[in-house]
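Below, chain A is the first sequence line, B the second, and so on; all start at residue 1. From a predicted model like this one, the values you see are computed outputs, not experimental measurements. Reckoned from all heavy atoms, side chains included, excluding hydrogens, waters and symmetry mates.
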Amino acid sequence: MSKLKIYDSMQCKKVLFEPIDPKNIRVYACGPTVYDYAHIGNARMAVVFDTLVRLLRELYGKVTYVSNITDIDDKIIERSKKEKESVLSITNKFFKIYNDDMEMLNVMKPDYQPKATEFVEKMISAISKLEEKKFAYQAEGNIMFDVSKFNIYGSLSSRKREEQIAGRRVKVASFKKNPEDFVLWKPSKDGEPAWDSPWGPGRPGWHTECFVMATEILSTPFDIHGGGLDLKFPHHENELAQSCCYSGNLDKKNSYAKYWMHNGFVTVDSEKMSKSLGNISLVKDFLKLYDGEVLRLALLSAHYRSPLNWSEQVLSQSKNRITKYKKILEEHKNLSMIDDVKGNLIVHQIEEALLDDINISKSLSVLDANVKDMHKKDETEKKNIIQAIKYLGKIIGVFSNGITATLKNEEKLFNEEEINLLIKKRNEARKNKDFDLADNIRKELIEMGIEIKDQSNETIWKKV
RNA sequence: GGCUCGGUGGCAGAGUGGUUAUGCAGCGGAUUGCAAAUCCGUCUACGGCGGUUCGAUUCCGUUCCGAGCCUCCA
């Protein structure tokens, strides 16, 4: 049995992960609202939880991973009005873009990717039940969740209601009994998407969808609930409140999800990447400049709970690493490998690091240390190293082949025949010790944007 | 005001009550027609102040600094 330790945001400490059902680990992570291009912050969440799921699959076999898509929301409606484009057309478009971008980052599709609009009926019945149980009240056509009925509200984000400054950033609606009350159902205005309900045509509040979809698809309690740190409060807190009240587990804060995990923010110049600051980087823009794997490794380069400062430097560092390991894999592709990982000490060390709350940096350093003097190793040791690279690569989703295609495509933009001819001429010159000519050809190639390297028996070239 | 999380060498980033993290960059050397790659060697560190201890970067206290949340957010 594995000894995975994860940091549980509810308990605020690292704890041993003990699955509810080891035969099927159930994970839910809050996905994006699809009204704009995926940004690096969206990508970090997707990559972090994809990596977690990959690790859990390695350890336990079956994992059911759910990550939702919010496709009905005020922000989408605003966007729709602004762009004069239907809500459906916007959400379809950005849903597809999100999945395409994530695929480029080697993010495996979740087992379920439910859309909020597919669960409106279920949400209505859940809200009705909350209303019946007196956890909700009506105010100006809205159905509000009554936070005062839930004593342990705030337990996830360790905050007391009375100590908060209400309306610190967002104005508190006047019809709320308590500032923390949140909307379960709101009436739609003319022209806005609406569903029939016992409270008239309207749409669900944001916090209801995740609780309903997680409950419907995974059933409660499930193992891990995740998302970005900014969802901890109020979104996850509100999900928890609804679930506990819905199921009647009023004091059982682990009756919804057994563990909670939150990834840290992506920052720019140490400030949170956010729309209001206008420092958002889009995944699609970086995919034009870097291999998806490079972006992925960059997103994993800091521990998942720490802030990740997004910079050219982190990208070039990741690029170096990707290139280095891909090269090693390429050079040793003829080694006959066995599948069994048992007895491979390097794999064992990597696993130890990953089991400690997914310490990817440490696991990579294990590889680095072994690769350093690889040429001195015998064949068995080399096999172990290659196996370890593949093992780690599989879990963190890098060093795979295929994505290098982007680089290859770039190379096709050049006239290969011409380059090869020049290289041939230069090598002849070198053979004849006509180094002036050889150097001139090198210069010529550099002017074309081509850098050449003489290796033992061939000259290779790449775009600068 | 409340609540979180941080502060490690030029940069990124782990970790540890005593002994090299690791990578990139730098420096010295080997190799090379040159260059690159590679290899060998090597320097730079734990925010401040107290305390516990034989010994603290690590534990405790305190202080300074930074980031985030307190109903838009991944």
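- Between B:rG55 and B:rU19, the distance separating the two P atoms is 15 Å to the nearest Å.
- Here A:Ser301 lies in heavy-atom contact (under 4.0 Å) with sugar-phosphate atoms only.
- The only member of A:Phe49, A:Tyr256, A:Tyr259, A:Phe211 that meets ring pair (Phe, Tyr, Trp, His ring centres under 6.0 Å) when paired with A:His225 is A:Tyr256.
- Within 4.0 Å of A:Ile165, counting heavy atoms only, lies at least one base atom of the nucleic acid.
- Distance from the side chain of A:Arg321 is smallest to B:rG23 among B:rG68, B:rG2, B:rG23.
- Base-pair partner of B:rC54: B:rG18 (Watson-Crick or G-U wobble, both distances under 3.5 Å).
- By the 6.0 Å and 45° rule, A:Lys13 does not stack over the aromatic ring of A:Tyr7.
- B:rG26 and B:rC60: their C1' atoms are spaced 39 Å apart (whole Å).
- Taking the ring centroids of A:Phe94 and A:Tyr35, they lie at or beyond the 6.0 Å cut-off.
- Residues A:Asp73 and A:Thr33 bring no donor and acceptor atom of their side chains to less than 3.5 Å of each other.
- With distances taken from any side-chain atom of A:Phe233 to the nucleotides B:rA74, B:rG33, B:rC70, the minimum falls on B:rC70.
- In this structure, the side chain of A:Glu131 does not engage the main chain of A:Ala136 through any donor-acceptor pair within 3.5 Å.
- A:Asn320 has its CG atom 13 Å from the C1' atom of B:rA37, to the nearest Å.
- One can place CZ of A:Arg426 at 12 Å from C1' of B:rU32, the figure rounded to the nearest angstrom.
- Nearest to the side-chain atoms of A:Ser365 among the listed nucleotides B:rU22, B:rC70, B:rG15 stands B:rU22.
- Considering only the side chain of A:His39, B:rA74 comes nearest among B:rG33, B:rA74, B:rU22.
- Separation of the C1' atoms belonging to B:rC27 and B:rG18 is 30 Å when rounded to the nearest angstrom.
- In a base pair of the Watson-Crick type (N1 to N3 plus N6-O4 or O6-N4) or a G-U wobble (N1-O2 and O6-N3), with each distance short of 3.5 Å, B:rG33 is matched with no nucleotide.
- Each of B:rC72, B:rA74, B:rA14 was ranked by its minimum atom distance to the side chain of A:His303; first place goes to B:rA14.
- A:His235 comes within 4.0 angstrom of no nucleic acid atom, judged by non-hydrogen atoms across all strands.
- Counting heavy atoms from C-beta outward, A:Tyr65 and A:Pro110 have side chains that approach closer than 4.5 Å.
- Backbone-only engagement by A:Lys372 is indicated by non-hydrogen atom pairs under 4.0 Å involving sugar-phosphate atoms exclusively.
- Proximity of the aromatic rings of A:Trp185 and A:Phe145 is defined here by a centroid distance below 6.0 angstrom, and this criterion is not met.
- With both ends at atom C1', the span from B:rC72 to B:rC64 equals 33 Å, rounded to whole Å.
- A gap of 14 Å separates the C1' atoms of B:rG9 and B:rA14, to the nearest Å.
- Distance A:Lys362 NZ to B:rU22 C1': 11 Å, rounded to the nearest Å.
- The listed nucleotides are B:rC40, B:rA74, B:rG2; the one nearest the side chain of A:Val266 is B:rA74.
- Rounded to an integer number of Å, the gap from CD of A:Gln349 to P of B:rA21 is 17 Å.
- No engagement by A:Gly154 is indicated, since no non-hydrogen atom pair under 4.0 Å with the nucleic acid exists.
- Residue contacts shown for A:Ser9 are absent, as no nucleic acid heavy atom lies under 4.0 Å away.
- Nucleic acid contact for A:Lys75: sugar-phosphate only, since backbone atoms but no base atoms lie under 4.0 Å from a heavy atom of the residue.
- If you check every strand for non-hydrogen atoms under 4.0 Å, A:Arg161 touches nothing.
- Listed pair A:Tyr7 / B:rC5 meets the phosphate criterion, a side-chain N or O lying under 4.0 Å from OP1 or OP2.
- Applying the 4.0 Å criterion to OP1 and OP2 of B:rA12, one finds that A:Asn309 has every side-chain N and O outside that range.
- Residue A:Lys160 places none of its side-chain N or O atoms closer than 4.0 Å to OP1 or OP2 of B:rC70.
- The distance between atom CG of A:Asn42 and atom P of B:rA74, rounded to the nearest whole Å, is 5 Å.
- Considering only side-chain atoms of A:Lys324, the nucleotide from B:rG33, B:rG23, B:rG13 that sits closest is B:rG23.
- By the 4.5 Å heavy-atom criterion applied to side chains, A:Lys382 and A:Asp378 are not counted as neighbours.
- Nucleotide B:rC27 forms a pair with B:rG41, judged by Watson-Crick or G-U wobble geometry with both contacts under 3.5 Å.
- B:rC39 and B:rC54: their C1' atoms are spaced 43 Å apart (whole Å).
- As the counterpart of B:rC3, B:rG68 is assigned, both hydrogen-bonding distances of the Watson-Crick or G-U wobble pattern falling under 3.5 Å.
- Within the 4.0 angstrom heavy-atom criterion, no nucleotide atom of any strand lies near A:Arg44.
- In the interface, the side chain of A:Asp439 is paired with the base of B:rG33 through a donor and an acceptor atom under 3.5 Å apart.
- At the heavy-atom level, A:Asp368 lies under 4.0 Å from the strands shown only through sugar-phosphate atoms.
- Annotation: B:rU52 and B:rU58 have their P atoms spaced 15 Å apart (nearest Å).
- For the pair A:Asp73 and A:Ala302, both in contact range of RNA chain B, the more 5′-proximal nearest nucleotide belongs to A:Ala302.
- When ring centroids are compared, A:His236 and A:His262 come within the 6.0 Å threshold.
- Along RNA chain B, the nucleotide nearest A:Leu308 and the nucleotide nearest A:Gly264 are compared for position; the residue whose nucleotide lies closer to the 5' end is A:Leu308.
- The side chain of A:Gln313 lies closest to B:rA12, out of B:rG13, B:rG33, B:rA12.
- Salt bridge A:Asp230/A:Lys272: present, at least one basic N to carboxylate O contact under 4.0 Å.
- With a 3.5 Å ceiling on both atom-pair distances, the Watson-Crick or G-U wobble partner of B:rG61 is B:rC49.
- Of the candidate nucleotides B:rA14, B:rA74, B:rG33, B:rA14 has the atom lying nearest to any side-chain atom of A:Ser361.
- Below the 3.5 angstrom threshold, one finds a donor paired with an acceptor across the side chain of A:Asp454 and the base of B:rC34.
- When rounded to the nearest whole Å, the span between CG of A:Leu300 and C1' of B:rU22 equals 17 Å.
- Closest to the side chain of A:His375, from the set B:rC34, B:rC69, B:rC40, is B:rC40.
- For the C1' atoms, the distance from B:rA36 to B:rU4 is 49 Å, rounded to whole Å.
- Checking the phosphate oxygens (OP1, OP2) of B:rC40, a side-chain nitrogen or oxygen of A:Lys376 falls inside 4.0 Å.
- Using a 4.0 Å heavy-atom cutoff across all strands shown, A:Asn359 reaches sugar-phosphate atoms only and no base atom.
- Residue contacts shown for A:Arg305 are absent, as no nucleic acid heavy atom lies under 4.0 Å away.
- A:Gly228 comes within contact range of the sugar-phosphate backbone alone, with a heavy-atom separation under 4.0 Å but no base atom that close.
- As rounded to whole Å, 12 Å separates atom C1' of B:rA74 from atom NE2 of A:His225.
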